[in-house]
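Following: one structure in structure tokens, then a few remarks.
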Amino acid sequence: MPCNDGPSATFDVAVIGGGAAGAMAAIRAGINGARVALFERNDSIGRKILITGKGRCNITNSAPMDVFVKKFGRSGNFLRSALYVFFNDDIVEFFRSNGLEMKTERQGRVFPVTDRARSVVDVLVKCLAENKVKIIYNAPIASVRAEGGLFRICPTGADAVMARKVILATGGISYKATGSTGDGFMVAKGFGHTVAPLKAGLVPLTTKEEWVKDLQGLALENIRIMFQAGKKKISSDIGELMFTHFGVSGPLVLDLSGDVLALL
């Protein structure tokens, strides 16, 4: 069902995607005085936030800048200037200034003191409201097109909106149940951008060995793991691993999963 193509409200900024990045972008634009519309395909924002960190939400890490940059591999240096503007201390201060304290655990992982991801989403919802961001729920994007020096954002089954600027914050295509369905790639291609071939990253890994599945639920701490394919090897830092009903997961596996899949 296409969007309603009648008279359209005009905003300074339209943000597509109500996850962590989209919500923070909309809040910042609102703080700077912009009139902002936030489009979310679900009936609530932050769906993926609620399942991160086993429902506790690992906000950030206390590691220094160089470690962060290295973790992003070849893209790390591209992100350095952005990280200098808004880094881990800044995100912690953002939540603290809005009433949610943080704590730091093993391997520098930062969590809300409530141990509830819902607390993080509640802060984002509060800040969006305080900065008068208009949230349009249940609004998957049918199309975005340039029109008269503006952008026309057409959500499925809702009124079209005009905006001077558009921020794509739709995430990847990692977990469709949370709304990560790849909509942003469609929009980007429509404006002539090249989309690189998609590869899995930050994912658990399946195993062929059946005995691994018998250890489902077992967690190991303060260990190092090594992946090997032919003569190529990848070694992890010290951290945690968890056995699942399909293979292995945990911080060590998630961090290295992209590199592991590149070996295969």
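- With hydrogens and angles ignored, the 3.5 Å screen pairs a side-chain donor or acceptor of Ser257 with a backbone N or O of Leu202.
- Between Asp12 and Lys165, none of the side-chain N atoms (NZ, or NE/NH1/NH2) sits under 4.0 Å from a carboxylate O, so this pair counts as no salt bridge.
- Val203 and Ile49 end up in different hydrophobic clusters when Ile, Leu, Val, Met, Phe, Trp and Tyr side chains are linked at under 4.5 Å.
- With no hydrogens or angles considered, no side-chain donor-acceptor pair links Asn42 and Ser44 at under 3.5 Å.
- Residues Phe86 and Ile31 share a hydrophobic cluster, clusters being chains of Ile/Leu/Val/Met/Phe/Trp/Tyr side chains in contact below 4.5 Å.
- In this structure, Phe191 has its ring center closer than 6.0 angstrom to the ring center of Phe151.
- A distance of 4.0 Å separates CD1 in Ile27 from CG in Leu128, rounded to the nearest 0.5 Å.
- Remark: Glu101 does not engage Lys103 in a salt bridge, criterion side-chain N to carboxylate O under 4.0 Å.
- For the atom pair OG1 (Thr207) and CZ (Phe246), the distance works out to 9.0 Å, reported to the nearest 0.5 Å.
- Side-chain atoms of Asn88 never come within 3.5 Å of backbone atoms of Asp90 as a donor-acceptor pair (strictly under, hydrogens ignored).
- Taken from CD in Glu105 to CG in Asp115, the straight-line distance is 6.5 Å, to the nearest 0.5 Å.
- For Cys127 against Phe94, the heavy-atom pair with the smallest separation is SG-CZ, 3.8 Å.
- Contact between Ile153 and Ala163 at its shortest, heavy atoms only, is CD1-CB, 3.8 Å.
- Within the model, atoms CZ of Phe185 and CD1 of Ile173 stand 7.0 Å from one another, a figure rounded to the nearest 0.5 Å.
- Taken from CE in Met242 to CG in Leu218, the straight-line distance is 8.5 Å, to the nearest 0.5 Å.
- Taking the six-membered ring for Trp, Phe87 and Phe68 have ring centres closer than 6.0 Å.
- Applying the 6.0 Å contact sphere to NZ of Lys70 captures no more than 12 heavy atoms from other residues, nucleotides or ligands.
- Between Ile16 and Asp183, every side-chain heavy-atom pair lies at or beyond the 4.5 Å cut-off.
- No chain of hydrophobic side-chain contacts below 4.5 Å, direct or via other Ile, Leu, Val, Met, Phe, Trp or Tyr residues, connects Leu168 to Ile45.
- Using a 4.0 Å cut-off between charged nitrogen and carboxylate oxygen, Asp66 and Lys71 do not count as a salt-bridge pair.
- In terms of heavy atoms, Thr244 sits closest to Ser249 at CG2-CB, 3.8 Å.
- Note on Val161: it does not cluster hydrophobically with Val36, by side-chain heavy-atom contacts below 4.5 Å among ILVMFWY residues.
- Of the candidates Arg224, Arg109, Lys54, Arg109 is the only one forming a salt bridge (Lys or Arg N to Asp or Glu O under 4.0 Å) with Glu240.
- Between Lys213 and Glu210, at least one side-chain N (NZ, or NE/NH1/NH2) sits under 4.0 Å from a carboxylate O, which counts as a salt bridge.
- Under the 4.5 Å side-chain contact rule for hydrophobic residues, Ile136 and Val121 do not share a cluster.
- Val13 and Ile167 get closest at one heavy-atom pair: CG1-CD1, 3.9 Å.
- Rounded to the nearest 0.5 Å, atoms OG1 (Thr10) and CZ (Arg35) are 7.5 Å apart.
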